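The structure under discussion appears below in the form of structure tokens.
In what follows, every chain begins at residue 1, and chains take the letters A, B, ... in the order their sequences are listed. The structure presented is a predicted model; accordingly, all values stated were derived computationally and were not measured.
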Amino acid sequence: MVGLSAGEKHFIQGGIAQDLRADGRKRLNYRPIYVETGVIPQADGSAKVKMGATEVIASVKLDLARPNPSQPGKGKVSLFVSCSATAGPMFEGRGSEELSTELSVALQRCLLGGKSGAGAAFDPSCLSIVDGKLCWDAYIDGLVVSADGNLLDALGAAIKAALTNTRVPVANVPAGASLDEDPDVDLSSQETTRIDTSGVPVIVTLTKVGRHYIVDATSEEESQMSSAVSVSINKERRICGLTKRGGAGLDPSIILDMISVASHVSEQLMNKLDSEIAAAEADEQDT
Amino acid sequence: MAGRGGSTPATYSPSPATQNKKKKAPIFTDSDWVRPDTRGFTQCRPAFFRTGAVNAASGSAYAEIGDTKVIVSVFGPRESKKAMMYSDIGRLNCNVSYTTFATPVRGQGSDNKEFSSMLHKALEGAIILDSFPKTTVDVFALVLESGGSDLPVVISCASVALADAGIMMYDLVASVSVSCLGKNLIIDPVLEEESYQDGSLMISSMPSRDEVTQLTITGEWSAAKIHEAMTLCLDACSKLGKIMRSCLKEAALASQE
């Protein structure tokens, strides 16, 4: 990434203070969001999201597996993000490991909920086939193709779209079959069910530059941030996860203020995303 | 708990205001949770800190909070690797690892690979990086026994170790976590409580400056609950900060004699 001159830094900070950012947006405006679903035919669900120059792809793959003995009626969900070297030469080889781990952990925190499963994006019991014996393992993978800031929000949106796009095959287990060894599960039927994604939260990242917060920061604006708070909020305006990133200390009252601003912004983002995803799904079905 | 040496018993309880609040309006879920170590919901475990645990390091500290035992050593400031670019501020390198016997099931500690970057984020806001340009400070944390609420103990112990090493900081970083079990908020959870939790909130703050360096929330919360949990944690952080300071003062007095 090219460094910024002192003049450019001053321009960015001054613009944000006056509610006019470098690309003409206001502080709480998102860049145009484009959603495309079904981009990976081999995956059970996939989506590509573009926010300005940031482009991410999320895919959901389902595999048959035994459920966790502690949670026999639920499938397992695992989430992992990787950064492709196409996003920039600093992501080649080991370089992306730190960023990938950070993004993966933040997304896991926001989307997978607490240890008992409360606050999870969707109910994993819809992935169960036979209680205690057979379930679907959902592997959610995110890929950063092009990075221009606000990766977390874009990945959250892509995963939401990918989950909506996921078709879970209906597995017919022959009655009376022994399930101790690999069972003969009949997956030949073309029927699929969908996952209920009405509870999937959106992630809103508020970046604090100077004394003001902006939403959807570009990578130039992110380089000027003092700290950032990423909040995951669902339809009922309940907070499903929060991560504070960035080094500077923040007053607790400012954090609470950022949470309420994020809550306010999340409503518009949720509506925009829902309509984009619905449009993308409709497009995909037409083709 | 291991011997405290000459230090006064380091038990502490939250301010009367928060404790009364909990007692006046008890909120029970269908199973009335009694904490395994009979603490109140808003009572933290007694904390013990001792500096100078590792002689070879620039600074080190050992912390024992309940069953969680952590040792942290700080090396530096020392020369950055030649491969790294020139930097006019210092660099902080953190690493958190678990011993294989730390967890009840052998080797489970390797699930917590993200603790290193979380420790880094919690500390970088408190260290005055301009005071050691071109060099790196290494913080190595080892969890000897995982008894619940591991990362907060690691963060608190690391800031005591940094102080012991003489690294300039704006303030000590104290860290506390709160678990949400049904409708109850339980501070400083043990391993058993963490496995049943519906949500958790971990806060790292600089008590004297009243600033939060790190905040992570998992699970489903309402804004009001977050507010309640944050006030509870910040209060506990300031008390923990006082204990950390008294430990450092004792160590300084002892070395003067």
### Message
Can you tell me which portion of B:M118 sits under 4.5 Å from chain A's heavy atoms? Options are side chain, backbone, both or neither.
### Response
side chain

### Query
Of the options A:I239, A:V231, A:I255, which is the one that meets B:I226 in a side chain to side chain contact (heavy atoms under 4.5 Å, CB included)?
A:I239

### Task
State, yes or no, whether a side-chain contact exists between A:P252 and B:L234 at a heavy-atom distance under 4.5 Å.
yes

### Task
Measure distances from B:S222 to the heavy atoms of chain A and classify the residue's part below 4.5 Å as side chain, backbone, both or neither.
both

## Note on the structure
When rounded to the nearest 0.5 Å, the distance separating CD of A:E102 from NZ of B:K121 is 3.5 Å

### Query
B:E114 versus A:Q108: any side-chain heavy-atom pair under 4.5 Å?
no

### Message
Can you tell me how far apart CE (B:M230) and OG (A:S253) are? Round to the nearest 0.5 Å.
### Response
8.5 Å

### Query
Among B:L123, B:T213, B:L215, which residue forms the greatest number of heavy-atom pairs with chain A at distances under 4.5 Å?
B:L215

### Query
Which bit of A:L250 comes within less than 4.5 Å of chain B, counting heavy atoms only: side chain, backbone, both or neither?
both

#### Entry: When A:L242, A:I254, A:T243, A:T101 are compared by non-hydrogen pairs under 4.5 Å with chain B, the top option
A:L242

#### Entry: Minimum-distance pair of heavy atoms, taken over all atoms of A:R109 and B:T216
NH1-CG2, 3.4 Å

### Message
Heavy-atom pairs under 4.5 Å with chain B - which of A:D251, A:I233, A:I259 has more of them than the others?
### Response
A:D251

#### Entry: For the student: nearest non-hydrogen atoms of A:K244 and B:V212, plus distance
CE-O, 3.4 Å

### Query
Going by residue number, which parts of residues 202-212 of chain A are within reach of chain B, meaning a heavy-atom gap below 4.5 Å?
none

